[in-house]
> 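Before we start, here is the structure in question, set down as C-alpha cells.
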There are 2 protein chains.
Amino acid sequence: MNSTPQHDAEAAARAANSPLVRDFGLLITSATRLEQRIDSALRRECGISHTMLEVLILLCRRSGEEISQRQLADGLTLTSSGTTRLIDRMEEAGLVRRVPSPGDRRVALVEPTADGRTALLGAAAVHARVVEEFFVGPLTADDYTRLTGALAAIDRALREDTG
Amino acid sequence: MNSTPQHDAEAAARAANSPLVRDFGLLITSATRLEQRIDSALRRECGISHTMLEVLILLCRRSGEEISQRQLADGLTLTSSGTTRLIDRMEEAGLVRRVPSPGDRRVALVEPTADGRTALLGAAAVHARVVEEFFVGPLTADDYTRLTGALAAIDRALREDTG
DNA sequence: GATCAGTAATTGACTGAGCAGCGAACTTCC
DNA sequence: GGAAGTTCGCTGCTCAGTCAATTACTGATC
C-alpha cells in the first residue's frame, strides 16, 4: 500500500463522502439540534435545563417509588459524579430532595418536591410544543411509528452490548 | 384550576408517562450513546475525538475547496468561539492548518494537513465499524432508508425555522 | 470618502460534564 | 466473625464547550 499525497487526498474524499457517514451525521445533528432547541426554550420559559427535566420525568414516572442516584445516572447516560453534581444543583434550586435509603446506608434516594412537580408540569408543556413542531410534525404518522421502532432497535443493540 | 398535592402528583405522573416524552427520549438516548461509543473508540484507537473527525470529514469532502471557521461552526452545530478553540487544538495536533482568506481578511480558512488526511482514513474505518454494528446492523434495509428519510425531514424543519 | 451597521475570529470568565481516587457501607466466602 | 472484594456517592482536577465583550475588517448609505 503506497501512499502519494494525491492518492491520499482522493481516498480521504471518498471516505468523507460515504453515505454511511452522511446518514449517521444526520442522526447526530438532528438529535443535537433538537436537544439544543428544547434546552434553550426550557431555560428561557421555565428556568431549568433539559437534563433537569429528564430527572423530573424519571422521578415522577411512578409516584411513591423512590429512585437512587445510580438509577438516575443509568437513565440519563451520565456518570455517577455528574449525577451527584446535577442533583446538588437541583436540590439547591428546591426541585428535589435527597432521602437516605432505609435499606442501604450508602444510597441516596432522590424524590421530587412539590415545586419540582409544578416545574415538571410547566416544562412538559414547553417540551411537548417543541417536540410536536420538529419531531412529530415533519413526519407522516407511518414514518413516525417506523422511526420510533427503529430507534428502539438501535437502543436495544446498544444495551445488549456491554451493559 | 385548583391544585392539591394529590392532583399535582397525578398530573405530573401523566406528563412523565406521555408516549411523546418516551419516544423523544429514545432519540436523544440513542444518539448520545452512539456518539459516546464512537468517541471512545476513536480516542482509544486513533487518538482523536469524534468532533475532530467531523471537522476532517467536512474539510476533505471536496478537495481543494477551503472552508472557513464560520462554515465549520454551522456544520458542527457549534458556536464560533467553540470552533476557534477546537481548531486551535487540531492545529496544535498537526491535523489542520489555518490559511488567511485572500478575499476577506477577517476569515481564516481551514485546510487539512497530510497528517490530517491520514488520520481521517484511520478514523473513518473505526467510525464505519461502529456505525455498521449499532446503526445499520439492528435495522432492516427498508427501515434504514425510512429512518434516514425521516431524519432528513426533521433536519429540514429545524433548518427552515430560524436559519 | 466618512460613517455606521454587520460579520469573522479571538479572548476571558464561567459551566457542566468526565476521570481517577476516596471513604463508607454492603456482600461473599471462608 | 473477619478478610477481601464490590458498590454507592462525593471530591479534586481537567477538559470542551458556552456567553459576552473586543478587535479587525467589510460593505452599504449619505
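Values in this document were obtained by computation on a predicted structure and should not be read as measured data. Letters go in sequence order (proteins before strands), and every chain restarts at 1.
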> Is any side-chain heavy atom of B:Phe135 closer than 4.5 Å to one of A:Asp23?
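A side-chain contact exists here, since the closest heavy-atom pair is under 4.5 Å.
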> For the pair B:Asn17 (side chain) and B:Ala13 (backbone), establish whether a donor and an acceptor sit closer than 3.5 Å, ignoring hydrogens and angles.
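Yes; at least one donor-acceptor contact below 3.5 Å.
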> If I take atom SG from residue A:Cys60 and atom CD from residue A:Glu65, how far apart are they, to the nearest 0.5 angstrom?
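That separation rounds to 12.5 Å.
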> Nearest-Å distance, CG (B:Asp88) to P (D:dC15)?
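My rounded result for the distance is 14 Å.
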> Of the nucleotides C:dC19, D:dC8, C:dA25, which one has an atom closest to the side chain of A:Val107?
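So the nucleotide nearest the side chain must be D:dC8.
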> Atom CD1 of A:Ile67 to atom P of D:dC8: distance rounded to whole Å?
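About 15 Å, once rounded to whole Å.
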> Are side-chain heavy atoms of A:Ile67 and A:Glu111 found at a separation under 4.5 Å?
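Counting from C-beta outward, A:Ile67 and A:Glu111 never come under 4.5 Å.
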> Sub-3.5 Å donor-acceptor pair from the side chain of B:Thr77 to the main-chain atoms of B:Ala73, do we have one?
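No; zero donor-acceptor contacts below 3.5 Å.
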> Rounded to whole angstroms, how far apart are CG on B:Leu86 and P on C:dA9?
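For the pair B:Leu86 CG and C:dA9 P, the rounded distance is 13 Å.
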> Among the candidates D:dG9, C:dT10, C:dA17, find the nucleotide nearest to the side-chain atoms of A:Arg70.
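Of the candidates, D:dG9 comes closest.
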> Given atom CD of A:Glu91 and atom P of D:dG9, what is their separation to the nearest angstrom?
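Going from A:Glu91 (CD) to D:dG9 (P), I get 13 Å.
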> Before you tell me yes or no, could you show the steps for B:Val107 and B:Arg70 under side-chain contact (heavy atoms from CB on, under 4.5 Å), namely the whole-Å CA-CA distance, both residues' side-chain angles and the distance that decides it to 0.1 Å?
CA-CA 8 Å; B:Val107 331; B:Arg70 183 95 285 282; over 6 Å; no
> Is there a side-chain polar atom (N or O) of B:Arg85 under 4.0 Å from OP1 or OP2 of C:dG12?
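Checking B:Arg85 against C:dG12: no side-chain N or O falls below 4.0 Å of OP1 or OP2.
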> Send over the distance from A:Glu54 CD to C:dA17 P, rounded to a whole Å.
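Atom CD in A:Glu54 sits about 12 Å away from atom P in C:dA17.
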> Looking only at side-chain atoms of B:Arg106, point me to the closest of D:dC25, C:dT10, C:dC19.
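Nearest listed nucleotide: D:dC25.
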> Between A:Thr83 and A:Gln36, just flag the one whose closest nucleotide in DNA chain D comes earlier from the 5' side.
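Nearer the 5' end of the strand: A:Thr83.
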> Looking at the side chain of B:Ser81, which of D:dC25, C:dC26, D:dT18 is the nearest nucleotide?
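Of D:dC25, C:dC26, D:dT18, D:dT18 is nearest to the side chain of B:Ser81.
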> How long is the line joining CG of A:Leu78 and C1' of C:dG16, in whole Å?
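Those two atoms, CG and C1', are 9 Å apart.
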> Between A:Ser80 and D:dC8, does any side-chain N or O lie under 4.0 Å from OP1 or OP2?
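It does not, given that no N or O in the side chain of A:Ser80 lies less than 4.0 Å from OP1 or OP2 of D:dC8.
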> What integer distance in Å separates A:Asp74:CG from D:dC8:P?
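The distance from CG of A:Asp74 to P of D:dC8 comes to 9 Å, rounded to the nearest Å.
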> I need the full list of ring pair (Phe, Tyr, Trp, His ring centres under 6.0 Å) pairs touching residues 28-76 of chain B, with sequence neighbours left out, sorted by first then second residue.
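Every candidate ring pair (Phe, Tyr, Trp, His ring centres under 6.0 Å) pair involving residues 28-76 of chain B fails, so no pair, neighbours aside, qualifies.
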> Starting at atom CD of B:Gln69, determine the distance to atom P of D:dA24, rounded to an integer number of angstrom.
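Rounded to the whole Å, the gap is 17 Å.
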> Mind listing the residues from residues 44-51 of chain A sitting with a heavy atom below 4.0 Å of DNA chain C? Number order is fine.
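Contacting residues: A:Thr51.
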> Do any side-chain nitrogens or oxygens of B:Gln71 fall under 4.0 Å of OP1 or OP2 in C:dA8?
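False: B:Gln71 side-chain N/O out of range (4.0 Å or more) of C:dA8 OP1/OP2.
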> Given D:dA16, C:dA17, D:dG9, identify the nucleotide with an atom nearest to the side chain of A:Thr84.
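Per side-chain heavy atoms of A:Thr84, the pick is D:dG9.
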> Are B:Leu109 and B:Pro102 side-chain neighbours, meaning at least one heavy-atom pair lies under 4.5 Å?
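Sidechains of B:Pro102 and B:Leu109: in contact.
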> For the side chain of A:Arg43, counting heavy atoms from C-beta on, which of D:dT6, C:dG16, D:dT11 is nearest?
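For the A:Arg43 side chain, the nearest candidate turns out to be C:dG16.
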> Within the pair A:Arg105 and C:dC26, is there a side-chain N or O less than 4.0 Å away from OP1 or OP2?
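The answer is yes; a side-chain N or O of A:Arg105 sits under 4.0 Å from OP1 or OP2.
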> Would you mind classifying the nucleic acid contact of B:Gly82 as base, sugar-phosphate or nothing, using non-hydrogen atoms under 4.0 angstrom?
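Contact class for B:Gly82: base.
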